[in-house]
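Small disclaimer: the values here were computed from a predicted structure and weren't measured. Basis for what follows: all heavy atoms, side chains included, without hydrogens, waters or symmetry-related copies. Proteins get letters first, then strands, A, B, ... in listed order; numbering begins at 1 in each.
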Amino acid sequence: MGKIRDQLDKMFKETGHVNAYFPLFIPKSYLSKEAAHIEGFAKECAVVTHHRLMNDPNGGGLIVDPDAKLEEELIVRPTSETIIWDTYRGWIHSYRDLPLLINQWANVVRWEMRVRLFLRTAEFLWQEGHTAHATKAEAVTETELMQNIYAQFAQEWMAMPVIKGIKTPNERFSGADETYTIEALMQDGKALQAGTSHFLGQNFAKAFDVKFLNENNVEEYVWATSWGVSTRLMGALIMTHSDDDGLVLPPKLAPLQVVIVPVPKTSTEIDFEVDKLMKALKAKGITVKYDTDQKNRPGFKFAEHELNGVPVRVAVGNRDLEKGQFEIARRDTKEKQFVPLEGAAEYIEQLLDAIQDNLYQTALKFRNNHITKVDNFEDFKEVLDGKGGFVAAHWDGTTETEEKIKELTKATIRCIPLDAELEDGKDILTGQPSKKRVLYARAY
RNA sequence: CGGGGCGUAGCGCAGUCCGGUUAGCGUACUGGUUUGGGACCAGGGGGUCGCAGGUUCGAAUCCUGCCGCCCCGACCA
């Protein structure tokens, strides 16, 4: 997560955003100010009702002190729009205060009924950007910019292809006018929403009365966006690349990029060559570890580092030294190559790039092979139950149809792709006319 | 809250149906020999068998109640 956070943070800052931190507790009254917003989150809020514990006079141990009830309950933030917009009211008065481009890294709580490691946990770390703009066009541009940054990060850093699209009204963020999404496909054929960017219109500005004077001295409500990705990305990373031998990490995000395993054990000659290689790698900014742990044998170490997804393994023993070479293995394909001692660092540098690229290409091929066009409901069900993945089908644009299909098949509309071609067709369920295909899938 | 499953050594498990030696195996631990794909030999320790009642000469095992965890359903990034 460290490298994920650092890189995203860098990309946010490069686009003019600054970090800030807002309170964990949100007074209940704030949350209720935006109607759609509270409707979406009310069912999954952790609520603070008391501020003190005491010893049970009947000997039952620690209990909540009934006399310490709060006048107004506090909600552990499920997201921070309300408390941030309440704050923005005091910060924004003039067009000169805009745009306001703030991001925060924070833990949030959504009291889910069912949790799933990495993908859906009651508490999770995420970043949430909250921006305020003078015009609608500028806010929409910001929303699209952040979707693009997420897509770029997913593809260039996580080696995970994503589809950029917008959500249907039904799947939209509570309180948004439009939700932009990046959708990924996991190896089991299920889709995963990997990041969202919301155009909030003036909904929160109106709910929290955030106005500014424009250049013509006319008072207007400000336009808003919010956008976020979470530790869910770690789940996405794991489920996109891993295999039966364990994790497979893209070199750009691997905490450890190269591990060197001495075999049979360390010796002065091996140490000498390894030291040279490590210096050369470090000079290139490559993270490397020399695994001199005496407890385990080389075979164990090989397996262990594969399990942990280390992209490149270098093995070196006396036999190699006699031949003046290292054995270099890549995690993604398991291929081994003997490489001369001189120039090994350059070889590894290129290999890391090759692995990064190969992971992306492999995932892209899989994803593209799992987008299936269907034109009737029978085929639709067959693809969902068999092949899985995204199903590109015509939709009549109504929430009723979307929900009916969800009820019948458990598939939801993941997004309306931004690059969807205009094409006359008929809704697979109702036969009503449709102008473009949307992507359905069973999703996490 | 409904349906299903599981609680036995630090961790992972067998034993429970059909009650009966001292409750066992793997791993971890210690020592030595090893080390080119998850080593071998030896050693010793480690347990209120989830909790509470009950049946019985005798309960990890049968009965009743309770507690905890996991999976599936309604929710969701």
Within the modelled atom types, does a donor on one side and an acceptor on the other bring the side chain of [X] and the base of [N] under 3.5 Å apart?
| X | N | value |
| --- | --- | --- |
| A:Lys336 | B:G37 | yes |
| A:Arg110 | B:C76 | no |
| A:Asn296 | B:G38 | no |
| A:Glu306 | B:G38 | no |

TODO: Using the P atom on both, measure B:C51 against B:G45 and round to a whole Å.
DONE: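 Approximately 25 Å lies between the P atom of B:C51 and that of B:G45.
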Task: B:C66 versus B:G10 - spacing of their P atoms, nearest Å - done: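 Pairwise P distance, B:C66 against B:G10, rounds to 29 Å.
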Task: Exercise: identify the closest heavy-atom pair between A:Thr287 and A:Ala254 - done: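 It is OG1-O, 4.3 Å.
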Quickly work out the [X] [atom1] to [N] [atom2] distance and round it to whole Å.
| X | N | atom1 | atom2 | answer |
| --- | --- | --- | --- | --- |
| A:Leu119 | B:C75 | CG | P | 18 Å |
| A:Lys334 | B:G38 | NZ | P | 14 Å |
| A:Asn308 | B:G38 | CG | C1' | 13 Å |
| A:Glu123 | B:C76 | CD | P | 21 Å |
| A:Gln127 | B:A77 | CD | P | 16 Å |
| A:Asn170 | B:A77 | CG | P | 11 Å |

Task: Between A:His198 and A:Thr179: side-chain donor-acceptor atoms closer than 3.5 Å - done: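 A:His198 vs A:Thr179: donor-acceptor pair found between side chains.
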- [ ] State, without any angle test, whether A:Glu178 and A:Thr143 hold a side-chain donor-acceptor pair at a distance under 3.5 Å.
- [x]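 Note: A:Glu178 and A:Thr143 side chains miss the donor-acceptor criterion.
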Provide the Watson-Crick or G-U wobble partner of [N], both distances under 3.5 Å; none if there is no partner.
| N | answer |
| --- | --- |
| B:A59 | none |
| B:G65 | B:C51 |
| B:G2 | B:C72 |
| B:G38 | none |
| B:G45 | none |
| B:A9 | none |
| B:A77 | none |

Shortest side-chain distance from [X], nucleotide among [options]:
| X | options | answer |
| --- | --- | --- |
| A:Phe300 | B:G37, B:G38, B:C75 | B:G38 |
| A:Arg297 | B:G36, B:G37, B:A77 | B:G36 |
| A:Phe124 | B:G38, B:G73, B:A77 | B:A77 |
| A:Gln193 | B:C76, B:A77, B:G37 | B:A77 |
| A:Glu112 | B:G73, B:G37, B:C76 | B:C76 |

Using a heavy-atom cut-off of 4.0 Å across all strands, would you classify [X] as base, sugar-phosphate, or nothing?
| X | answer |
| --- | --- |
| A:Ser230 | base |
| A:Leu307 | nothing |
| A:Thr121 | base |

Open item on the list: So that I know where these two stand, are A:Trp85 and A:His37 an aromatic pair - ring centroids less than 6.0 Å apart?
Closed with: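 Judged by ring-centre distance (under 6.0 Å), A:Trp85 and A:His37 do not meet the cut-off.
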Open item on the list: When you measure from the side chain of A:Arg437 to the backbone of A:Ala392, do you find a donor-acceptor pair of N or O atoms at a distance under 3.5 Å?
Closed with: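 At least one qualifying donor-acceptor pair exists.
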Task: Residue whose nearest RNA chain B nucleotide is more 5′ - A:Arg120 or A:Gly299 - done: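 Upstream on the strand: A:Gly299.
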Open item on the list: So, applying salt bridge (charged side-chain N to carboxylate O under 4.0 Å, His left out) with A:Glu183, which one of A:Lys164, A:Lys190, A:Arg414, A:Arg367 is it?
Closed with: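 Between A:Glu183 and the candidates, salt bridge (charged side-chain N to carboxylate O under 4.0 Å, His left out) is satisfied uniquely by A:Arg414.
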Task: Distance in Å, A:Met11 CE paired with A:Leu145 CG, rounded so as to fall on 0.5 Å steps - done: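 So the gap between those two atoms works out to 9.5 Å.
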